[in-house]
Amino acid sequence: MRLLLINILILFSTQVWSQTDLGIGLVSIDFDDKTVLEFYSDTIESEPVKVVEFFDDRTINSWNIKDLGKQKEWLKPEVLWLDYSAFTFRCLTRTDNWFEVIVNNENGKNYWLKKTEQTKFKNWEEYLKDMFGIARLSSFPQKIRTEPDEDSQEIEYQGTDCFVVKSMKGDWIEITTPDYCDENFTDSKTPIKSGWIKWRNGNNLIINYFTTS
């Protein structure tokens, strides 16, 4: 069971885009087989520069995007896992009627997307609280602290990182070990009731998050 959960976490962890603006939050698309997304270069433009259309793909028994291979040449969002209805963009600007979203996390390209009932905005704290799991990056080692301060006491932890977010304070997130991690990661001998780690360093995301089990 432990190895299975580890593999699941690895499979569904987000990619870390080190050079892309974190923005003010994230916009997730609640899509179905009739969803059409129109992306504009500016809010004053009358014609979209890119269009993404969904359809019911009977060959895979799932919803899919038309010409997905071609669309992926420019479309590299925060999350794109159609089988799990996960389609999410980092958001730079939020107005009454529009979202400015990063459509390509590799080069930071951004377009404008109209607000609809299918566009759901969450700030980073709300978004990370909804994640199945959080882990520190091996490329950015950091200690777990008792308070959101580099000078606070270190909390000793042994085992594989598997945490959820309780709260956020600036660059820091308060983490705890959920029951499903404590039960299945047999090498987690020191579960965390409350600890703090950094989730960002400047404009860089320095954690992995896992959207689903």
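Side-chain atoms of Thr176 come within 3.5 Å of backbone atoms of Lys193 as a donor-acceptor pair (strictly under, hydrogens ignored). Checked by atom type and distance alone, the side chain of Glu125 never pairs as donor or acceptor with a backbone atom of Lys169 at under 3.5 Å. Formation of a donor-acceptor pair under 3.5 Å by the Arg90 side chain with backbone atoms of Ile102 is not found in this model. Judged purely by atom type and a 3.5 angstrom limit, Trp124 uses its side chain to pair as donor or acceptor with the backbone of Leu22. Under the 3.5 Å distance criterion, the side-chain polar atoms of Glu45 are left unmatched by any main-chain donor or acceptor of Asp42.
Under the 4.0 Å criterion applied to side-chain N and carboxylate O atoms, Lys198 and Glu150 are assigned as salt-bridge partners. Salt bridge present: Asp130 and Lys122 bring a charged side-chain N and a carboxylate O closer than 4.0 Å.
There is no path of hydrophobic side-chain contacts, each under 4.5 Å, that joins Tyr40 to Ile29.
Applying the side-chain hydrogen bond (donor to acceptor under 3.5 Å, both in side chains) criterion to Ser28, with sequence neighbours excluded, gives Thr88.
A side-chain donor-acceptor contact under 3.5 Å links Gln118 and Thr35. Side-chain contact check for Thr59 and Asp57: at least one donor-acceptor pair (N or O, by modelled atom type) lies under 3.5 Å. Thr93 and Glu100 form a side-chain donor-acceptor contact under 3.5 Å, judged by distance and modelled atom types alone.
At most 12 heavy atoms of other shown residues, nucleotides or ligands fall within 6.0 angstrom of atom CD in Glu47.
Side-chain contact check for Arg94 versus Lys115: some heavy-atom pair is nearer than 4.5 Å. The shortest side-chain heavy-atom distance between Ser85 and Phe31 falls under the 4.5 Å cut-off. The side-chain heavy atoms of Val52 and Leu75, taken from C-beta on, include a pair separated by under 4.5 Å. Counting heavy atoms from C-beta outward, Trp98 and Leu113 have side chains that stay 4.5 Å or more apart. Counting heavy atoms from C-beta on, the side chains of Cys91 and Leu26 never come closer than 4.5 Å.
In this structure, Phe163 has its ring center at least 6.0 angstrom away from the ring center of Phe210. Taking the six-membered ring where the residue is Trp, the centroids of Phe39 and Trp74 are separated by under 6.0 Å. Aromatic ring centres of Trp81 and Phe87 lie farther apart than the 6.0 Å criterion allows.
In this structure, Lys114 forms no cation-pi arrangement with Phe99, as its terminal cationic atom is not both closer than 6.0 Å to the ring centre and no more than 45° off the ring axis.
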Determine whether Trp199 and Tyr209 satisfy the following criterion, ring-ring contact (aromatic ring centres under 6.0 Å, His included), listing intermediate values before the conclusion.
CA-CA 10 Å; Trp199 69 279; Tyr209 64 77; over 10 Å; no
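In terms of heavy atoms, Ile206 sits closest to Arg200 at CG1-N, 3.6 Å.
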